[in-house]
Amino acid sequence: MSLTWLYPVSILFLAGFSEEIQQSGVINIGSILSFGTINGRVAKIAMTAAVEDVNSDSSVLGGRKLVLSMHDSNYSGFLDIMGALQYMETDTVAIIGPQTSVMAHVIAHFANELHVPLLSFTALDPSITPFQYPYFIQTAPTDLYQIAAIADMISYFGYREVIAIFTDDDKNRNGITILGDILAERRAKISYKATIPPEPAPIRDHVMEELLNIRMMEPRVIVVNTYTKTGFMVFDIAQNLGMVDKGYVWIATNWLSAAMDATQILPDTANSIQGVLTLRLHIPDSKRKRAFASRWNKLSNGSIGLNTYGLYAYDTVWIIANAVKLFLAHGSTISFSNYSSLNVLGGRVLNLSALSIFDGGQMLLSNIVQTNMRGLTGPIEFNPDRSMKRPAYDILNVIGNGFRQIGYWSNYSGLSVDPPETLYSRQANRSSSNQKLYGVLWPGKTEVKPRGWVFPNNGKRLRIGVPNRVSYKDFVSLDNHTGLIHGYCIDVFLAAIKLLPYAVPHEFILFGDGLKNPSYTELVRMITSNVFDAAVGDIAIVANRTKIVDFTQPYIESGLVVVVPVRKLHSSAWAFLRPFTPSMWGVTAAFFLLVGVVVWILEHRVNNEFRGPLKKQLVTLLWFSFSTMFFAQRENTMSTLGRIVLIIWLFVVLIINSSYTASLTSILTVQQLSSSINGIESLITSNDPIGFQVGSFAENYLREELDIAKSRLVPLGSPEAYADALERRIVAAVVDEQPYIDLFLSKYCKFRVVGQPFTRSGWGFAFPRDSPLAIDMSTAILSLSENGELQKIDDKWLNKSMCGPQPQISQSDQLNLESFWGLFLKEEVTSNRLKRKRTGNSTVCQGKET
């Protein structure tokens with residue numbers, strides 16, 4: 001990228017910094033930080049200590065001296081740029097900084113052009129990639145991991161909507177964008193983003209206005225991604241507005257832990273952050289860390305405490321020192337060349353010759369990214385994308401003037417109560433069941449997890465769409481006398497609302513013209529278009545609706561059934577023939593004759609009772625065959641084969657007689673109904689017209705799922721229309737949901753359900769996607785079911801049967817061939833085998849006589 005846009009500015013400042021300071025045995029590095037900030041103050045002390053430790057160890061740089069120059073940008077991006085230009089004209093081999101990601105995007109272009117590695121432990125915007133900025137290295141985990149940890153916390157506690165408050169700059173804005181993307185993958189979302197102007201001058205009135213807006217909103221989970229000064233201002237105002245209290249969840253990024261570790265928080269400030277959750281970069285415990293912490297009070301003269309940024313600042317100096325050591329060990333020399341491309345610009349010669357390219361910048365950069373050392377922060381190593389290996393965070397709960405640690409987060413295993421370094425030897429497990437944290441003391445000093453949302457305090461009621469039915473008004477209808485909407489579904493909803501631990505202000509709004517039943521799918525769609533906040537009524541939970549809204553637990557079972565007209569079957573002179581179908585009668589008679597023939601073949605040669613004139617043998621055969629029906633055969637069987645056939649046949653006759661007797665008894669003693677349709681299968685193949693309720697999903701199901709032609713479907717608007725169409729044979733059957741049919745059959749006794757329900761579903765209340773109210777209402781419905789209240793409501797509205805017990809359908813009582821073909825098959829096989837055996841024996845005997 002061209003740097004020409006900075007040339008006019010740089011001319012004014014470079015004159016004072018043109019003197020060559022590179023001396024033999026001196027290695028210059030620089031830092032660009034705002035030393036008036038907490039992190040800047042801590043980093044200054046830590047970097048100074050690191051330089052002293054490097055120079056005190058002659059084995060590191062071989063007697064050379066590491067010189068660290070510090071440039072205070074004092075919150076100014078302009079001074080950040082001037083500091084970078086200053087270092088790049090004084091033969092500096094590496095720069096630590098800048099402090100903010102906004103300036104890192106700018107100064108990294110200088111580093112790219114002049115081959116000077118730029119290292120930062122605070123500018124952690126994940127959008128600063130090595131592909132665009134190859135000479136920029138982040139020496140602490142990027143904010144991508146901190147945001148991922150916050151997203152895991154939100155998911156762990158089961159929250160679906162959050163509000164983000166953030167400083168409107170690259171670092172914080174990008175972090176919130178990433179958080180929104182991660183939450184969207186988990187069916188959660190950022191419902192509102194409150195932006196705050198960047199430091200150093202946040203506007204208190206602006207923050208007040210944003211918090212007042214947030215207080216009127218539904219979500220109560222708030223993520224604060226900003227800087228120290230702005231963050232404390234947000235909590236101070238929130239405390240005054242009563243927003244750091246029961247029902248709220250506050251999550252702050254690691255700016256809060258860094259400030260509390262380094263400074264003594266004032267009592268008023270501490271009161272404003274009680275119960276807040278925050279994160280801190282996890283530093284494994286070590287002797288070196290403890291030793292440095294014990295030195296800190298002396299190093300800082302007690303002016304400020306040590307936070308994680310101080311440890312990373314110390315290690316950053318050592319990363320550079322070790323990279324330079326390796327650079328020198330390979331025989332390389334530190335040299336700089338003029339950047340001739342800056343000599344000419346637009347035909348004018350500018351005095352920019354002081355800027356020079358670090359000849360060994362590429363090698364030093366390579367040494368830095370190949371770092372493999374152990375520092376105060378633990379093992380230091382970079383991934384191929386230059387991110388830090390094994391990032392981890394402590395998860396902290398603010399209590400009093402300090403923290404209580406409730407767990408850890410690592411990119412390896414997610415949330416855990418065990419330190420991450422103890423988990424690396426185990427197999428990674430990111431399953432939800434393995435995510436654990438200790439208990440939290442939430443704002444308001446409660447250990448009960450906040451619900452995370454409330455109804456917005458804006459005077460609006462929940463707009464609930466209710467179908468304006470013209471039939472089956474027991475489920476939902478408008479009382480013309482009182483003007484109130486009532487019915488079975490309304491009673492269930494109101495009973496569930498009473499069980500919620502909070503008030504739900506609402507109003508019912510009728511949907512439909514009152515002339516016909518409305519489309520329930522259209523009613524559900526009105527929720528997605530924000531016309532209604534919910535829908536209550538006899539709304540079936542079907543697949544296409546669940547794609548656009550969330551339903552509660554079903555409060556009544558449903559499913560499509562087939563209703564047909566039936567006629568009573570009266571006894572007649574031929575009633576005794578009804579237990580068997582014609583095919584059963586024919587096959588039974590045939591087998592009587594078959595068995596008689598087989599027995600005659602087996603017996604007539606050895607049994608005189610089966611001999612004689614042809615007429616006598618024919619009469620004997622017929623008599624013997626049919627007398628076995630009553631076990632009254634007079635002829636004795638003498639052959640072994642004949643006896644075997646007869647025993648098997650008598651067993652078959654016993655089964656047939658018993659079944660016939662039972663079926664005939666049922667036919668003559670129980671009232672019977674008959675219908676040509678016995679279920680959805682026979683209805684589909686009949687090609688007869690089918691009735692359905694106007695507005696029901698049954699029409700789409702019959703057409704799309706069962707592929708029934710639209711011309712066969714007849715819309716019907718009321719139970720009276722059902723009865724009329726069935727009686728007049730306008731339709732052969734009506735297909736509707738079970739609750740409607742139960743109510744229909746309680747009044748109309750000439751019709752019956754045939755077959756089984758061919759869909760399984762239920763009715764529920766519809767809410768917008770990811771609405772927490774749907775979950776709470778489901779729990780309330782389950783409670784109604786368990787305490788018996790749901791059954792009482794059912795008895796009140798739906799238990800109105802005017803008919804007696806449902807008669808049986810005769811189709812299932814008639815016996816057919818399928819029930820007995822196995823017996824007949826067995827008899828036939830046995831008879832044939834014995835007959836062939838007998839015939840074979842006779843042939844052998846005749847041969848011997850011959």
Side-chain angles (χ1 to χ4, degrees), residues 561-599 621-633 645-690 726 729 731-733 750-758 805-832:
V561 294
V562 178
V563 176
V564 298
V566 292
R567 59 184 178 85
K568 292 182 179 180
L569 296 179
H570 302 285
S571 181
S572 68
W574 303 101
F576 68 90
L577 295 177
R578 283 170 51 196
F580 288 166
T581 61
S583 60
M584 181 64 182
W585 279 118
V587 173
T588 302
F591 263 83
F592 273 111
L593 293 175
L594 175 63
V595 171
V597 172
V598 172
V599 171
L621 185 151
L622 293 174
W623 168 257
F624 181 85
S625 298
F626 289 100
S627 64
T628 56
M629 181 183 297
F630 311 102
F631 306 100
Q633 68 277 6
V645 171
L646 186 60
I647 289 173
I648 296 175
W649 174 243
L650 291 178
F651 174 73
V652 174
V653 171
L654 175 64
I655 300 299
I656 293 174
N657 280 346
S658 301
S659 301
Y660 175 85
T661 302
S663 180
L664 183 61
T665 301
S666 174
I667 289 173
L668 296 177
T669 59
V670 179
Q671 183 186 34
Q672 297 293 310
L673 302 174
S674 68
S675 170
S676 60
I677 296 172
N678 55 23
I680 187 62
E681 293 82 5
S682 59
L683 181 61
I684 293 173
T685 58
S686 69
N687 291 322
D688 293 328
I690 304 170
L726 289 170
R729 307 296 183 185
V731 296
K750 298 180 181 180
F751 312 99
R752 290 293 177 265
V753 173
V754 292
Q756 299 295 320
F758 55 93
Q806 180 173 328
Q808 300 176 359
I809 301 299
S810 62
Q811 183 74 19
S812 61
D813 295 324
Q814 196 172 25
L815 304 177
N816 53 49
L817 180 59
E818 293 179 358
S819 304
F820 301 96
W821 71 268
L823 293 172
F824 289 128
L825 179 62
K826 182 177 181 182
E827 177 64 23
E828 180 186 8
V829 171
T830 304
S831 299
N832 286 336

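Only a predicted model underlies this, so the values are computations on that prediction, with no experimental measurement involved. Positions are given from 1 along the sequence.
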Legend entry - With Val562, the side chain to side chain contact (heavy atoms under 4.5 Å, CB included) member among Val754, Ile690, Asn678: Val754
Inset, instruction - Quick one: pull up CD1 in Ile656 and OG in Ser659 and give me the separation to the nearest 0.5 Å. - result: 8.0 Å
Legend entry - Closest approach of Leu683 to Ser686 (non-hydrogen atoms, all atoms of both residues): O-OG, 2.8 Å
Legend entry - Heavy-atom pair with the smallest gap, counting every atom of Asp688 and Ala732: CB-CB, 3.3 Å
Legend entry - Candidate pair Phe651 and Ile655, rule side chain to side chain contact (heavy atoms under 4.5 Å, CB included), full reasoning: CA-CA 7 Å; Phe651 174 73; Ile655 300 299; 4.2 Å; yes
Legend entry - Check: Pro565 and Arg752 side chains under 4.5 Å, non-hydrogen atoms: no
Inset, instruction - List the steps, then state whether side chain to side chain contact (heavy atoms under 4.5 Å, CB included) holds for Leu726 with Val563. - result: CA-CA 9 Å; Leu726 289 170; Val563 176; 4.2 Å; yes
